[in-house]
2 protein chains.
Amino acid sequence: MPVKDNYKDLLNFRNLKSTKQRNAILEELESSVRPLTAEDLFLNLKEKNISISMSTVYRVLDTLVKNGIAQQTSLPQTNKAFYELKQKEHHHHLICIKCEKMLHLDGCPLNDYVKQLEKQSGFSIEGHTLEIYGYCDKCKPED
Amino acid sequence: MPVKDNYKDLLNFRNLKSTKQRNAILEELESSVRPLTAEDLFLNLKEKNISISMSTVYRVLDTLVKNGIAQQTSLPQTNKAFYELKQKEHHHHLICIKCEKMLHLDGCPLNDYVKQLEKQSGFSIEGHTLEIYGYCDKCKPED
DNA sequence: ATGCAAATGCGAATTATTCCTATTTGGAGG
DNA sequence: CCTCCAAATAGGAATAATTCGCATTTGCAT
């Protein structure tokens, strides 16, 4: 099944060459249900015998972010960056502190708040980070 | 003026010893209008001829966070941690991407949202991170 | 004043990420 | 299809932020 294993058009449209590594990273990101770290991507691709180096992973991610194709998320209590494809719709995550399960939340509760804040603060607001965390039903501490 | 230069009670209450370094860090955090990094604290204290090492800064911050005295914030597009005293009231920041100015926002727009989410998701929600960023009026790009 | 658990200092180790340079490669143009 | 070159990659060294291990010091209960 020759699925969308090639992202040539998407890349060329932004004057980016279609390379094995970029295609592979896009494929990983697209097929993942959760944001991935640079290391996740590196290991996943190694696993599939796709040759790639960490510096390339970082450079590709950076390029994708700069071109609006991917976006970076950083989670509380970690100091590494997670990446995912930019969705049609802006959204946030609900994360389990214990098992790291990550639920995709529909919509954003902040649209109105941000608009109002922009007016009253004089800032030109570019974005926001929001991640909600806790324990999923399986990981809830007994009490 | 013998201001509150000693946090003995606050510390002892949590079974923490009152040390020169801990007092100094608490004082710095209390007198700062914005969250500080471990390095900020280290340099500020050096400046005041208070002997301290980076590992102590990190250890103290960690202890303060674990004891609910301070809290960690991490800003978009940086990969270092910022710390501030835990305020009476939970709040967020509005940050200028360019000059790093940081405004303290009153209240939290998410209280209801989180309550509702907790009900419908089955998670036991422990908290959330929210930082809003953009350009302050002085740093707005011309157009 | 004494003793000991707790806290600190210092440097080495780890982790995440960026940078440098030589080599390879996609794809435009002949 | 060849050729060519700017763009992309590999590999490893460098940097930045943070953590760790262990010897020494210090707060504070007695």
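Here is how names work: the chains are called A, B, and so on, in the same order as the sequence lines, proteins then strands, and each is numbered from 1. These numbers come from a predicted model, not from an experiment.
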S.K.: Can you give the first and last nucleotides of DNA chain D, 5' to 3', that have an atom under 4.0 Å from a heavy atom of chain B?
M.R.: D:dA17 to D:dC28
S.K.: Return the residues of residues 44-58 of chain B meeting this criterion: a heavy atom under 4.0 Å from some atom of DNA chain D. Order them by number, or give none.
M.R.: B:S55, B:Y58
S.K.: First and last nucleotide of DNA chain C in contact with chain A, 5' to 3', at under 4.0 Å to a heavy atom: what are they?
M.R.: C:dA16 to C:dG27
S.K.: Between the two ends of the helix from C:dA1-D:dT30 to C:dG30-D:dC1, what is the bend in degrees, rounded to 10 degrees, where each end axis spans five pairs?
M.R.: 30°
S.K.: Could you tell me which residues satisfy side chain to side chain donor-acceptor pair (under 3.5 Å) with A:K66, sequence neighbours excluded, listed by chain and number?
M.R.: A:D62
S.K.: List the residues meeting side chain to side chain donor-acceptor pair (under 3.5 Å) with B:Q71, not counting sequence neighbours, and say none if there are none.
M.R.: B:E84
S.K.: Find which nucleotide of DNA chain C each of B:N79 and B:K17 is nearest to by heavy atoms, and output the residue with the more 5' nucleotide.
M.R.: B:K17
S.K.: Restricting to side chain to side chain donor-acceptor pair (under 3.5 Å), what partner residues turn up for B:T56, sequence neighbours left out?
M.R.: B:S53, B:R59
S.K.: List the residues meeting side chain to side chain donor-acceptor pair (under 3.5 Å) with B:S32, not counting sequence neighbours, and say none if there are none.
M.R.: none
S.K.: Contacts to DNA chain C from residues 59-73 of chain A, heavy-atom cutoff under 4.0 Å, which residues?
M.R.: none
S.K.: Give the residues of residues 8-15 of chain A touching DNA chain C, defined as any heavy atom closer than 4.0 Å, sorted by residue number.
M.R.: A:K8, A:N12
S.K.: Name each donor-acceptor pair under 3.5 Å that joins a side chain in residues 114-121 of chain A to protein atoms two or more places apart or in another chain, with its distance.
M.R.:
residue, atom, partner, partner atom, Å
A:E118, OE2, A:I125, N, 2.8
A:S121, OG, A:L117, O, 2.8
A:S121, OG, A:F123, N, 3.1

S.K.: Could you go through residues 13-22 of chain B and list every donor-acceptor pair under 3.5 Å that involves a side-chain atom there, pairing it with any protein atom two or more places apart or in another chain?
M.R.:
residue, atom, partner, partner atom, Å
B:R14, NH1, B:N67, O, 2.7
B:S18, OG, B:N23, ND2, 3.0
B:T19, OG1, B:R22, N, 3.1
B:Q21, NE2, B:S51, O, 3.4
B:R22, NH1, B:K17, O, 3.0

